[in-house]
Every structure is written in C-alpha cells, then in structure tokens.
Number of protein chains: 2
Amino acid sequence: MSSPAPRSQTVKVKDVAREAGVAVGTVSRVLNDHPAVTRELRERVERAMAHLGYEVDVTAQSMRAGRSRLVACAIRDFDIPRFALFIKEAEAVLREAGYTLLLASTTNRPDVEIALLRAFRRRRVDGVMMTLSDEQHRDVRAALSEAPMPVLLIDRDRIDALDRVTADHRAGARLATSHLLGLGHRRIAMLVGDLKAFPSRSRLEGFRAAYAGAGIEPDPRLLRDDVLSSEHAYRATASLMSLAEPPTALFVAAMDTLGGCLRALRTMGILVGDGISVVAGSDSDLAELYTPPITAIAWDLAAMGRHAATMLLERMRGDEIERGRGLTVPTELIIRGSSRPFAG
Amino acid sequence: MSSPAPRSQTVKVKDVAREAGVAVGTVSRVLNDHPAVTRELRERVERAMAHLGYEVDVTAQSMRAGRSRLVACAIRDFDIPRFALFIKEAEAVLREAGYTLLLASTTNRPDVEIALLRAFRRRRVDGVMMTLSDEQHRDVRAALSEAPMPVLLIDRDRIDALDRVTADHRAGARLATSHLLGLGHRRIAMLVGDLKAFPSRSRLEGFRAAYAGAGIEPDPRLLRDDVLSSEHAYRATASLMSLAEPPTALFVAAMDTLGGCLRALRTMGILVGDGISVVAGSDSDLAELYTPPITAIAWDLAAMGRHAATMLLERMRGDEIERGRGLTVPTELIIRGSSRPFAG
DNA sequence: CGGAGTCAATGAATCGGTTCATTTATGCTT
DNA sequence: AAGCATAAATGAACCGATTCATTGACTCCG
C-alpha cells in the first residue's frame, strides 16, 4: 500500500464521474473542452463538478502531459526598480496565455544560473527567460545547449540560436556621449557595469564609437567598470573626482546607480550642472526630479517584457519560426539640465 | 495505449535502476537520502545517475507526494520598487529551503485574488503569501478560509487565524504628523492609498491620532484617498494646492507616489520647504536626494520579506505553532530639509 | 433489411517517482 | 547450530488525470 502525507481527501475525476454517472474519460474530455461530448452529458458533468467542488490537479496533468505550464524568469537581481516593469508585463502576458511565472534571482553568478537551469528542467518548466552573468562562460553555455525547453535571453548577446530581447544600449550610449562631446566635454568619465555582459559592453562600445566619431581618444583612466550597485557608484565617483585631473562630465551608464553617484557628488560639494555634467544610463523619478534634472537614456522595459513573453510563447507553441530571433527596443536620450556646455 | 507529446526520451529511475543493477525503490531511496542504503549501493546508484545524466521529475514527485515545493507570492502590483526588496529576500529564504517562488500580480482586484487562490490550489502550491485589496471582501474571505494551504498576509489586517507580517504604519504616520504639527502646521493634507486595505487605514489612524494628541481637528477637505499611483498623486496634489485655503504641509503617505506629488508642485512653481512642507510615507533615493531632501518614513522591507518566508516555512512544516501569528517591523521618521516650521 | 459509416462514451494503460509489505541476508546469542 | 532479531533490498501498487482502442448506438443507403 501507500499513504502519503495525510492528504485532505480531495475530489478527483473518479468522484466526479461517479456523481455524474459517466466514465472518467468523459469527465476528462469535459475538462479539456473536447468537442465529442454531448451537451447533456457536459452539463451533467459540470453540475457534478460544481456540486463536489472539484478542482483539477495540475500536478497530475503536468506529469501525464510532460509539460507544466510554468515559465521561469531568472534575472540577476530583481531589486532593480525598472526591471519590475519587465516582469510585470511579462507575467500579465503569460498568465493571459494560461502560464504561471516562476521567479528566481541569479545573483549574477554562473553557478547559480546553471543550478537554476537544472531546477527548471526538473520542474518540467515549459520555457525560460533569463539574464546571464557572462555569455562566454563555458559551463553556462553547455547548460543552455542541453536545456530541453526554449530559453529566451533578456538583454544579452546572441548565443547559438536562442531568441533574445534587447535594448539598443549602444545607440543610447553613443547618443549620450556625443551629446557631451558636443557640449565641449573632453574628459568624460564612464561608470559601467559588468563588461562580461551585453548591456555594459554595448554601452562601452557606444561610448567609444562616439569618441571615434569625434576623432579623439577617451582617457582610459576615466573608465570604471563592474559598478553593479549604488554603493559601487558612490566609491567610483568619489575616486574619479579625487583625480589630479578630474573629469568634467560623468556618464553613469550602469542601471540603478545614479543615486550613489549623486550622493558622492553631494558629499564632496560638487554641483551637478555647474561643477560637473551628469548623464544617467537609465531614466527614473530621481533623474527626472533631481535639481537640476538629470539627462538620461530611456527605453521601454514594459515593452521588452511583453515582447519577451510573446516570443517565448510562440517558441513554446513550437510554431515553425526561424531560430534565434532578436528583438531590439530603441533607446532615446532625454536631455535635461544636468548636462551643460563645458566652460573650460 | 497513450503517447503524450513526443517526449524527448528522458532517463527515469527505472533506467538508473537497471544501469546500477538495483531495484527502483533503492534508487528512490538514494534520491531521498533514506538512511537504510549501504554506502556501496548508494555510490553505485549515484554513479549510474551521473553516467546517464539523470534528473528527477519534480512533477512526478509532487503528484505522488501531494505537495509541490512551490510557494506563491501575489501582490497588488510589483511595479513598486521597494516591494522588489521584499520579494528578493523572500525568494532567497525560500530557495534556500528548497522551495520555488511563483509570482503573480493581483492588480488589487478581489476577483483576481480569488482566481489566483484557485489556481494555486490546482497547482498544489504548498504556501501562499499575498496582499489583499480589501480585507472585508466576503468572497475573498471565503476563498481564504477554504484554502487548503497556509496563507500569510503581507501587510494586511488580521483575518481569522492567518499569519501576517506588517509594518507599523500607524506609528510612522503618527510620528510624521506630530512632527509637522510640532513645526506649527495646522493645515496638513494627506495623500493616502486605498482605505480598504491595512496600510492606508493605519496611516490615517496615525494621522488622526496625532491630531487628537494635539487636541485639534484635521480638515477633512485636505484628505485624498485612493491615491494608488504617481499619476493620482499628481492630480491630488494639484487639486489640493488649488484650494482657496491650500494646505501648508503635504503628507504623501501612499507608497511610491512622491514623484507625482513633486512633479505637480514643480509644475505649479511651489517650492518644497519654503512654499510647502512635504513628508513622504516611504523612503527612496528620490526622497533622499531631492533638493531639499524629503523627510520620510522608513522601514525594513527586506526584513519583512525574510520574516514572511520564514514564518510561512514554519507553518508549512506543520510545527505546533500558535495560529495567527503577527510580526510587525518598526517604522522610523527620517527628518530632512523638506519639513520646516510654518511661517504663518 | 443488412452492412457500412458516424459519433459518443467507455475504461484500462500510462506518465515517473514513492512507499511499504515482503523477502533475503546478516549478525548475535545461547 | 539453531533461533531470533535486525537490516537492506525488492517490486507491485499507487498518486490523479489523459488517451486511445474498443464497444455500443444510431444513421444512411442500396
């Protein structure tokens, strides 16, 4: 025999079938809107279900069907305010389609990413959308290629034939940098995240492209990478402004790090706009409402979330779609008062 | 017969058993760290699993065990930056304990809340943490009392014997209001969220308690409730400041609405600090870095997330714990430059 | 009127682990 | 050496819904 955890005796298809005087197969067909059920029987079964308070066991369905109607989303840190928008929209699209969202944080560690992919497999998750800490990581790539379910990359470089949704960070950073160069700045410091990942890499490319377009060379000592949090940004800003030859403009390209930078400037008594020009790599209430308002790069994270979910759904449906589709949402530069002509 | 979706032929316990030359029961016991397996056999089985690349099917485990190792979190809108902190910490604690987080947004609608509770049941979710749009809603209460799994309320009033984690909004609001009254303000406007839910109700209570403590009556025309977004806050602020007798201080008690309020004031050319004192109901980068910095109420959402997950885990474990536990995290008032003496 | 063809409904087999009554092996005691 | 106790391993039954070969009922047509 076998009596697992003292299960509160639940109603099953068998009970419904008995109550309605039909076979279990018929109940199942009613549940799944199978056409070959007479209206009369369908109603009888539905009445029985209502009467008994029946709820199908998705667990059993999943096991039999080999799919779970779960979609996993794993991002490096969902403590990034604007990412919430992405998740919110993705969840809405997925739920509309009958899927439930699993959420996990990778903490930007390859080993966690691999462990999560395994956990998702074990759960028979039907699709995954995720960020990666490092697109080149061998083990992560191996784990991705072994994944039995479709995986969509969030704002990451192309890997094999995986679908991806990205923002045009390169264009945004180029715009921002050109804007500052156009204002006469020559010593522009850049705070950027982890260069192993696409967004930071693209931003740096855009930055360099703008310099190249102007026919000048950026000072490599003014670049700070691996700025992943507000605290990092604080320290990076402080160190930059303490240089013998400090920058005249700051491009705070990493996401959600503007606060740390502004805190450092305030502590050092440097006025934004006058003492130094500032451009933020992502827009926020803070950027908009700061005094002076901060020039910022903006893009539509909600749209990214919707597109990611939609593309993943299409892929899961197994439609005949070309593999490795990429969708890029545009970035724009919102010019505000924090970026001013260099008064050499 | 039956051949469901063309399942990529996966390795099963049976295959592992054959490879290792043992019975399936033994493989299962190895998987579950059952003590009664000799070291030798355990190693043989583990080698076979590694060799075949075996991964257990959590779906099948769940079905047999009647539990899924899933915990659901449903909040009204996870587009609230500070809530991300809650989810982040809760997820970390849950994953540590071997659970996976399901996420859904209720959009603050009772029907969605009820539908989600049903969906969670069908998935055999082991525990739920959620907010409610209205603690008094009959159908929601019925759905909660019928839920077969433990439910923990996030920042909501006591319902039956459900566990709950709350912040002391009443104390925070009282502090904030007393602070303004102490500065000589008598016409304090309050922007608050949905009074059907605990946080807003508590804040209003705190507000009134402070007034009562000072022996005066608040002007009811200065109260704006149902302020649920930044856009609402914009409109509410604009309408308040257009009154014949406008307020001299604004208590923006609703979460994540400070931006809208400040935008309105800026549009109307009213200076924070000089023209009007402002206190925010929740702290943020914006509050800290605005000019002038905004006095704000702060509390530890990360701790709330950790506690929520921990309490729910204890409850799920079925320990003999008193029912209806409540944990309240304290609030504090961070006084900054936006609240100044009333210069009548 | 009989046989072919439709259409509904049936229920046993199945998905992949887990459990437990049973069997087999081992150790200990006298 | 026999008897008993203990421990390890076995494998059939089971969790609950789905599927499909089969049965039964009914229609249509020559």
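Chain letters run A, B, ... following the sequence lines, proteins first and then strands; every chain starts at 1.
- At least one side-chain heavy atom of B/L132 sits under 4.5 Å from a side-chain heavy atom of B/L153.
- Remark: A/R67 does not engage A/D126 in a salt bridge, criterion side-chain N to carboxylate O under 4.0 Å.
- Closest to the side chain of A/V22, from the set C/dT10, C/dT18, D/dT18, is C/dT10.
- Within residues 23-39 of chain A, the residues approaching DNA chain C are A/A23, A/V24, A/G25, A/T26, A/R29, A/A36, A/V37, A/T38, by heavy-atom distance under 4.0 Å.
- Here the P atom of nucleotide C/dA12 and the NZ atom of A/K14 are 12 Å apart, to the nearest Å.
- Distance A/D15 CG to D/dC15 C1': 13 Å, rounded to the nearest Å.
- Applying the side-chain contact (heavy atoms from CB on, under 4.5 Å) criterion to B/R95, with sequence neighbours excluded, gives A/A104, A/V112, A/L116, B/E91.
- The pair B/R18-B/D15 meets the salt-bridge criterion, with a side-chain N (NZ, NE, NH1 or NH2) lying under 4.0 Å from an Asp/Glu carboxylate O.
- A straight line from CZ of A/R124 to C1' of C/dG16 spans 8 Å, rounded to a whole angstrom.
- Salt bridge absent: A/K196 and A/D157 never bring a charged side-chain N and a carboxylate O closer than 4.0 Å.
- Using a 4.0 Å cut-off between charged nitrogen and carboxylate oxygen, B/R39 and B/E43 count as a salt-bridge pair.
- To the nearest angstrom, P of C/dA9 lies 20 Å from CZ of A/R18.
- At whole-Å resolution of the value, CZ in B/R121 and P in D/dG16 are 14 Å apart.
- Taking atom CG of residue B/L41 and atom C1' of nucleotide D/dA9, one finds them 8 Å apart after rounding to whole Å.
- Rounded to whole angstrom, the span from the NZ atom of A/K12 across to the C1' atom of D/dG16 amounts to 8 Å.
- The side chain of A/D57 has D/dG16 as its nearest neighbour among D/dA9, D/dG16, C/dT10.
- The pair A/D57-B/R124 meets the salt-bridge criterion, with a side-chain N (NZ, NE, NH1 or NH2) lying under 4.0 Å from an Asp/Glu carboxylate O.
- Between A/Y54 and D/dG16, a side-chain N or O to OP1/OP2 separation shorter than 4.0 Å is absent.
- Proximity note for A/Q61 (side chain, C-beta onward) versus C/dG17, D/dG16, D/dT18: the nearest is D/dT18.
- The interatomic distance linking B/R67 (CZ) with C/dT19 (C1') rounds to 13 Å, in whole Å.
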